[in-house]
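Structure first, then comments.
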Amino acid sequence: MPYALGFDSSTQSLSAVLLDLETNHVSHELGLPFGELTEYASPRGFLGNLPEGQVHADPRLWVAALDMLVQRMKDEGWPLHQVVAISGSGQQHGSVYLKAGFADRLAALDPAQPLTPQLEGIYSRATSPIWMDGSTSAECAEIAAALGGADIVCARSGSVAVERFTGPQIRAFSKRDPQGYADTARIHLVSSFLCSLLIGADAPIDTGDGAGMNLMNLAAEEWDTDLLNATAPDLASKLPPVSPASKPCGTVSPWFVKRFGFAPTCIVLPFSGDNPSSLVGMGAATPGRVVVSLGTSDTLFAAMTEPRTDPEGCGHVFGNPLGGYMTLACIRNGSLAREAFRDQLGADWSAFEAAGDAELPDTAFTIPFVADEITPKRHGGLIESEPALTTPQRVRAFLEGQAFNLLRQLEWMHLKPTELCLTGGASRNEGIARIFADVFGVPVSRLSVSNSAALGAAMRAAIASGTSTTDLVESLSHPDSSIQPKERGTAPRYGAWLASLKATA
Ligand SMILES: Nc1ncnc2c1ncn2[C@@H]1O[C@H](COP(=O)(O)OP(=O)(O)O)[C@@H](O)[C@H]1O
Ligand SMILES: O=C(CO)[C@@H](O)[C@H](O)COP(=O)(O)O
């Protein structure tokens, strides 16, 4: 019986989904929260105590997690020898810096030894900046100036120069540590780094995740020489090639074959970003379905046929792994802000469940930016309009504020959804899902598979091995029964919220 396997390495965990290709159903699912790997001191997947604005992760954590997760899959009896195709995805924008000899090291791995120690000393930068890093405003301005303006960077790459994007992060590294940059022979995204481990060679960067770098020419689907030159010296030689997500880039390496029993013929597709991969998993790669992902970040995305950029400069165009483009807005104050507010209230998630039933006065709203926000750009600081609300009301106002901020993205995206598909860790909370239905004024649905990014990766692998996309979407991306919005809308509060948001600009 053939199987397709998908991985997803998001901010806080690595997960895997195995598809049975005879029935087109999920046969196995497993997740590994990075906090379990205590030696990396990253309970949330990233390191603490860095200079202001910098958020980095230890790349060895991702390597160790891959080794550990596949070992668990083997121990649980997953039919790894019957897997015919694998793909995966990674949190977007994060980058890994490697010395010369990375590919040689991968090719010479000893299957009797774990992965992490065999890659010691190969990193030219000890830590990897991730999407939460906001420390590169100066570099964004320099790149925009070199290209002749923010609008030119946006027209070419799909986004204005953005602090968390890989190009500005590479420029910052080349300025802060010129020797470390000179010692770097290869720069990978989280996605292409993990794919490299799997194939035992340098993997390409796919057009979905590649569009989140401010380095790829969106129309040509190739590195943009002017953007490369504006970013850092000799950058072209340090990047792997760009590839469509659908073109196999190798087979599983001997290390995985010998250690875990994969078939040497099992093909590997380029990994993509977690959001592009989730677009596939949610059955939204064909325009029509609008997805909200409530993971560490909150994102709203949809497929689109023509690239449409955000006049405010916060939204993005990425490649759609199944062809064409996708539109995306990313909110930094997602799950970690919900957790901080929950803890501030001394509550637990049941208060968020209960908030679905709370009623609010028309004047009550909350600007829910606990930490600095990127969409829109604002300094952190919670603003609650009404001092005397109950806990369920305060939670409702907070969640409505988060939903309002995603709702307003529909305008520049020119989207008018008739339904919203929710995914991500917080989407399982019924109260949160109900509030999103009320704010958007449309029914909300969810999939039974919780990790839509790993599912999308497995679906991409299945498509490459000959399964029809339509059959997969029909079997796997069929939303469950939907939550209907309440009759009484949230419109008056939305107006007050928008006015307050403008006033804080
Ligand atoms: N019952 C719940 N209610 C609200 N949020 C939840 C609940 N369970 C998990 N979460 C949130 O889900 C988040 C993790 O989501 P996930 O999609 O796994 O993140 P990522 O993919 O970014 O690693 C946690 O930070 C947590 O706040
Ligand atoms: O920066 C973005 C998208 O542009 C984030 O959405 C990252 O891709 C992290 O994703 P999650 O871990 O929150 O799923």
Side-chain angles (χ1 to χ4, degrees), residues 7-15 31-35 42-46 55 57 62 65 89-95 129-134 158-159 162-166 169 189-191 208-209 211-214 271-279 281 291-301 310 314-318 326-343 347-356 370 374-375 395 398-399 402 406 422-436 446 449-456:
F7 289 103
D8 174 49
S9 179
S10 287
T11 311
Q12 300 191 53
S13 63
L14 176 68
S15 37
L32 173 58
F34 292 135
S42 307
R44 296 291 181 186
F46 50 87
V55 184
W62 300 322
S89 62
Q91 58 172 298
Q92 298 196 250
H93 321 297
S95 41
I130 65 160
W131 69 275
M132 292 164 80
D133 190 297
S159 305
V162 178
E163 282 78 357
R164 70 187 193 283
F165 277 35
T166 325
Q169 291 291 340
L189 290 179
V190 177
S191 57
D209 219 11
M213 301 174 79
N214 285 139
F271 283 27
S272 188
D274 58 355
N275 294 297
S277 201
S278 181
L279 183 83
V291 181
V292 165
S293 170
L294 303 173
T296 312
S297 61
D298 286 352
T299 56
L300 184 146
F301 53 85
D310 173 14
C314 294
H316 316 294
V317 182
F318 297 145
M326 67 182 283
T327 180
L328 181 137
C330 174
I331 314 294
R332 191 169 184 267
N333 280 280
S335 281
L336 300 185
R338 283 184 285 276
E339 287 175 25
F341 191 55
R342 178 198 63 189
D343 296 345
D348 58 24
W349 288 133
S350 64
F352 285 63
E353 300 277 355
V370 175
I374 52 176
T375 309
V395 174
F398 183 91
L399 291 169
Q402 289 191 312
L406 285 172
L422 281 197
T423 184
S427 68
R428 71 179 69 120
N429 187 304
E430 200 71 10
I432 296 178
R434 286 174 58 189
I435 289 168
F436 270 77
R446 290 165 288 184
V449 180
S450 57
N451 193 313
S452 53
L455 174 65

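One-based numbering, in listed order, for ligands and for the atoms of each. Note that the structure is predicted; figures quoted are calculated from it, not measured.
Atoms OG and CG, on S89 and L279 in that order, are 12.0 Å from each other to the nearest 0.5 Å.
Protein residues having a heavy atom under 4.0 Å from any atom of ligand 1 are S10, T11, Q12, S13, R44, G295, T296, S335, E339, W349, G424, G425, A426, R428, N429, I432, listed by chain and number.
For the side-chain hydrogen bond (donor to acceptor under 3.5 Å, both in side chains) test with S452, the passing option among D274, T423, D8, N275 is T423; the others fail.
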Please give the N or O to N or O pairs under 3.5 Å between ligand 2 and the protein, distances rounded to 0.1 Å.
{"from": "ligand 2", "atom 1": "1 (O)", "to": "H93", "atom 2": "NE2", "distance (Å)": "3.2"}
{"from": "ligand 2", "atom 1": "1 (O)", "to": "R164", "atom 2": "NE", "distance (Å)": "2.9"}
{"from": "ligand 2", "atom 1": "4 (O)", "to": "H93", "atom 2": "NE2", "distance (Å)": "2.7"}
{"from": "ligand 2", "atom 1": "4 (O)", "to": "R164", "atom 2": "NH2", "distance (Å)": "2.8"}
{"from": "ligand 2", "atom 1": "6 (O)", "to": "N275", "atom 2": "ND2", "distance (Å)": "3.0"}
{"from": "ligand 2", "atom 1": "6 (O)", "to": "S297", "atom 2": "OG", "distance (Å)": "2.8"}
{"from": "ligand 2", "atom 1": "8 (O)", "to": "Q92", "atom 2": "N", "distance (Å)": "3.0"}
{"from": "ligand 2", "atom 1": "8 (O)", "to": "D274", "atom 2": "OD1", "distance (Å)": "2.8"}
{"from": "ligand 2", "atom 1": "8 (O)", "to": "N275", "atom 2": "ND2", "distance (Å)": "3.4"}
{"from": "ligand 2", "atom 1": "10 (O)", "to": "D274", "atom 2": "OD2", "distance (Å)": "2.9"}
{"from": "ligand 2", "atom 1": "12 (O)", "to": "T11", "atom 2": "N", "distance (Å)": "3.1"}
{"from": "ligand 2", "atom 1": "12 (O)", "to": "T11", "atom 2": "OG1", "distance (Å)": "2.5"}
{"from": "ligand 2", "atom 1": "13 (O)", "to": "T296", "atom 2": "N", "distance (Å)": "3.3"}
{"from": "ligand 2", "atom 1": "13 (O)", "to": "S297", "atom 2": "N", "distance (Å)": "2.7"}
{"from": "ligand 2", "atom 1": "13 (O)", "to": "S297", "atom 2": "OG", "distance (Å)": "2.6"}
{"from": "ligand 2", "atom 1": "14 (O)", "to": "D274", "atom 2": "OD2", "distance (Å)": "2.8"}

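S427 pairs by the side-chain hydrogen bond (donor to acceptor under 3.5 Å, both in side chains) definition with nothing, not counting sequence neighbours. Legend: residues meeting side-chain hydrogen bond (donor to acceptor under 3.5 Å, both in side chains) with S42, ordered by chain and number and at least two apart, are absent.
Residues Q91 and T296 fail the side-chain proximity criterion, which asks for heavy atoms closer than 4.5 Å. Residues R44 and E339 meet the side-chain proximity criterion, which asks for heavy atoms closer than 4.5 Å. Within the 4.5 Å cutoff, the side chain of Q12 has heavy atoms near those of the L336 side chain. Residues L14 and W62 form no side-chain contact, since every pair of their non-hydrogen atoms from C-beta on lies 4.5 Å or further apart.
When atom types are taken as modelled, the side chain of S293 and the backbone of D298 share no donor-acceptor pair closer than 3.5 angstrom.
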